[in-house]
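Have a look at the structure below before the remarks.
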Amino acid sequence: MGKRDDLIAQYADDLRNKCGMQPDMDLLTKVTIGCGPAIYNADASTVAATQAAELETVKNNFLIKKLGLADGPQLMEAINSVIETYGRSERNKYRAVVYYMLTKHFSKESIYG
């Protein structure tokens, strides 16, 4: 297994044990690949949930640009809901896991079709 496969296994483990959900491995793999090289960078691979600018980046670059959602208060509500599910106190909130949960939240799996 390569480094990406190891990371996907780690993300799946987080989804099961920290978020209480059974991951769709095919979708999780596609979301992880969609994150590109960011998953290999310690800083870029996580979401700094306490930084408003970081949450804006998730909203603008992922929810609006990637998933094609219209801007509105529901986007930040969804991000906060996902952060709550992951656990506010959880130090490492992996970007691929957050994006996966947001994709599921908005039923946008078809984007990764």
* Structure fact -> Here the gap from Thr85 atom OG1 to Lys93 atom NZ, rounded to the nearest 0.5 Å, amounts to 11.5 Å

* **Any side-chain heavy-atom pair of Tyr100 and Pro23 under 4.5 Å** => yes

* 4.5 Å side-chain heavy-atom contact, Thr29 and Arg4 -> no

* Is a side-chain N or O of Asn60 found less than 3.5 angstrom from the main chain of Glu56, in a donor-acceptor match? -> yes

* Pairwise distance SG(Cys19) to CE(Met101) - rounded to 0.5 angstrom -> 4.0 Å

* Structure fact -> Distance col, row Arg91:CZ vs Thr46:OG1, nearest 0.5 angstrom, shows 8.5 Å

* Would you check if Val97 and Lys18 make a side-chain contact, meaning some heavy-atom pair closer than 4.5 Å? => no

* Structure fact -> For Tyr86 and Asn92, the nearest pair of non-hydrogen atoms, with its separation, is OH-O, 3.6 Å

* Is there a path of hydrophobic side-chain contacts, each under 4.5 Å between heavy atoms of I, L, V, M, F, W or Y residues, that connects Met25 with Ile33? -> no

* **Close side-chain approach of Lys104 to Glu109, heavy-atom, < 4.5 Å** => yes

* Leu102 vs Val58 side-chain heavy atoms within contact, under 4.5 Å -> yes

* **Sub-4.5 Å side-chain heavy-atom contact between Thr103 and Ile111** => no

* With sequence neighbours excluded, residues passing side-chain hydrogen bond (donor to acceptor under 3.5 Å, both in side chains) with Tyr99 -> Arg95

* Asked: Is Gln51 reaching over with its side chain to a backbone N or O of Val47, donor-acceptor style, under 3.5 angstrom?
  -> no

* Sole candidate of Asp13, Leu7, Asp14 that passes side-chain contact (heavy atoms from CB on, under 4.5 Å) when paired with Tyr11 -> Leu7

* Asked: Between atom CE of Met21 and atom CG of Leu15, what is the distance when rounded to the nearest 0.5 Å?
  -> 6.0 Å

* To the nearest 0.5 Å, tell me how far Leu55 CG sits from Ile79 CD1. => 6.0 Å

* Asked: Considering only heavy atoms from C-beta outward, does the side chain of Lys108 approach that of Lys66 to under 4.5 Å?
  -> no

* Kindly write out the residues that satisfy side-chain hydrogen bond (donor to acceptor under 3.5 Å, both in side chains) with Gln10, not counting sequence neighbours, or none if the list is empty. => Tyr94

* To do: Search all heavy atoms of Ala96 against all heavy atoms of Leu28 and return the closest pair with its distance.
  => O-CD1, 4.5 Å

* Asked: Hey, mind stepping through Asp71 and Lys59 against side chain to side chain contact (heavy atoms under 4.5 Å, CB included) and telling me if it holds?
  -> CA-CA 8 Å; Asp71 195 3; Lys59 182 179 92 170; 3.2 Å; yes

* To do: Give a yes or no answer on whether the side chain of Ser45 reaches the backbone of Asn41 with a donor-acceptor pair at less than 3.5 Å.
  => yes

* To do: Supply the atom-to-atom distance Lys30 NZ to Asp24 CG, rounded to the nearest 0.5 angstrom.
  => 8.5 Å

